[in-house]
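Input: a single structure, listed below in structure tokens.
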Amino acid sequence: MVKTILDNFCVKSGVLCPKCEEKVVKGQVSKLDLDIIQLLCEVEKDYPSIQEVTFNKAVEVENFLAILVNKADMAKILSQGGKIIKEISARTNKRVRILTYGGDERQFLEDLLSPFSILTINTIWLPDDSTETKAILYGRTPKRVPVHFDIIRRLAKEIRGMTLRIEFEKN
Ligand SMILES: [Zn+2]
């Protein structure tokens, strides 16, 4: 069964014990996390490869759903030719992105910006001492910049507190 910080028994029964309930109250597990954990438990019946996956967090921005799992589990959830992602997508009616939990900045941005490839990542210091992360992507700026870049930027903010700027190598 998908691993979480909640007891398997509590997840299965849908009735949380006081210890698990406390994690929800403290905000370690959100309502969305609970929904996605339940959903993954359904999906794993058809796709046993995700039974060993450790779920960390889910974040939603508009029609995008990011699911953060351990680095070692990325392959398990991305296997089956993307069928698992499609299944989660169909059940949630969201575009699904699987991200590495707790990895370094580059790993995070590569997962987030896929299928675009990153040329360089720069940190820009602003006068107020805050920073902005600028990801420069390979190639020319597309005629129409993907609409979802705005959502990607909001996900970066939500997940890592990162102010992200996305640019292309050539204008
Ligand atoms: Zn419990």
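The model shown is predicted, which means the values in this text are computed figures rather than measured ones. Counting from 1, the numbers follow the sequence of the chain as shown.
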Shared-cluster residues of [X], by chain and number - hydrophobic side chains joined below 4.5 Å:
X: Leu119; result: Ile136, Tyr138
X: Val15; result: none
X: Leu126; result: Ile124

Minimum-distance pair of heavy atoms, taken over all atoms of [X] and [Y]:
X: Val2; Y: Asn8; value: O-OD1, 4.2 Å
X: Ile84; Y: Val43; value: CG2-CG1, 4.3 Å
X: Glu105; Y: Ile121; value: OE1-CG2, 3.8 Å
X: Glu62; Y: Ile151; value: OE1-CD1, 4.0 Å
X: Lys94; Y: Ser89; value: O-OG, 2.5 Å
X: Ile118; Y: Arg106; value: O-NH2, 3.0 Å

(message) Set out, in order, the CA-CA distance, both residues' side-chain angles and the distance that settles salt bridge (charged side-chain N to carboxylate O under 4.0 Å, His left out) for Glu87 and Arg91, then state yes or no.
(response) CA-CA 6 Å; Glu87 179 70 27; Arg91 285 170 184 256; 2.7 Å; yes
(request) With sequence neighbours excluded, give me every side-chain hydrogen bond (donor to acceptor under 3.5 Å, both in side chains) pair touching residues 112-121. (result) none
With [X] via side chain to side chain donor-acceptor pair (under 3.5 Å) - residues at least two apart:
X: Lys23; result: none
X: Lys12; result: none
X: Thr100; result: Asp111
X: Arg95; result: none

(message) Using side chain to side chain contact (heavy atoms under 4.5 Å, CB included), reason through Leu65 and Ile88 one step at a time and then give a plain yes or no.
(response) CA-CA 10 Å; Leu65 171 68; Ile88 299 170; 4.3 Å; yes
(request) Could you list the residues that satisfy salt bridge (Lys or Arg N to Asp or Glu O under 4.0 Å) with Glu132, not counting sequence neighbours? (result) Arg165
(message) For Asp104, I'd like to know if atom CG has over 12 heavy atoms of other residues, nucleotides or ligands within 6.0 Å.
(response) yes
Nearest 0.5 angstrom please: [X] [atom1] to [Y] [atom2], how far?
X: Glu42; Y: Lys45; atom1: CD; atom2: NZ; value: 3.5 Å
X: Leu164; Y: Lys157; atom1: CG; atom2: NZ; value: 10.0 Å
X: Leu68; Y: Ile159; atom1: CG; atom2: CD1; value: 5.0 Å
X: Glu44; Y: Asp46; atom1: CD; atom2: CG; value: 10.0 Å
X: Lys57; Y: Ile5; atom1: NZ; atom2: CD1; value: 10.0 Å
X: Gln107; Y: Leu112; atom1: CD; atom2: CG; value: 11.5 Å

(request) State, yes or no, whether a side-chain contact exists between Thr163 and Ser130 at a heavy-atom distance under 4.5 Å. (result) no
(request) Step by step, work out the side chain to side chain contact (heavy atoms under 4.5 Å, CB included) result for Met162 and Leu109. (result) CA-CA 10 Å; Met162 177 192 284; Leu109 289 173; 3.8 Å; yes
Show me, pair by pair, the donor-acceptor contacts under 3.5 angstrom made by side chains of residues 26-40, not counting sequence neighbours?
| from | atom 1 | to | atom 2 | distance (Å) |
| --- | --- | --- | --- | --- |
| Lys26 | NZ | Glu22 | OE2 | 3.1 |
| Ser30 | OG | Leu32 | N | 3.4 |
| Ser30 | OG | Asp33 | N | 3.0 |
| Ser30 | OG | Asp33 | OD2 | 3.2 |
| Lys31 | NZ | Asp35 | OD1 | 2.9 |
| Lys31 | NZ | Asp35 | OD2 | 3.1 |
| Asp33 | OD1 | Ala58 | N | 2.8 |
| Asp33 | OD2 | Ser30 | N | 2.9 |
| Gln38 | NE2 | Val11 | O | 3.1 |

[X], [Y]: one ILVMFWY side-chain cluster at the under-4.5 Å cut-off?
X: Val69; Y: Ile50; value: yes
X: Val53; Y: Val96; value: yes
X: Leu137; Y: Ile152; value: yes

(request) Using the ring pair (Phe, Tyr, Trp, His ring centres under 6.0 Å) rule, collect all pairs that involve residues 90-129, keeping only residues at least two apart or in two chains. (result) Phe116-Phe149, Phe116-Phe168
(request) Please collect all ring pair (Phe, Tyr, Trp, His ring centres under 6.0 Å) contacts where either partner lies in residues 43-64, sequence neighbours excluded, each pair once. (result) Phe64-His148
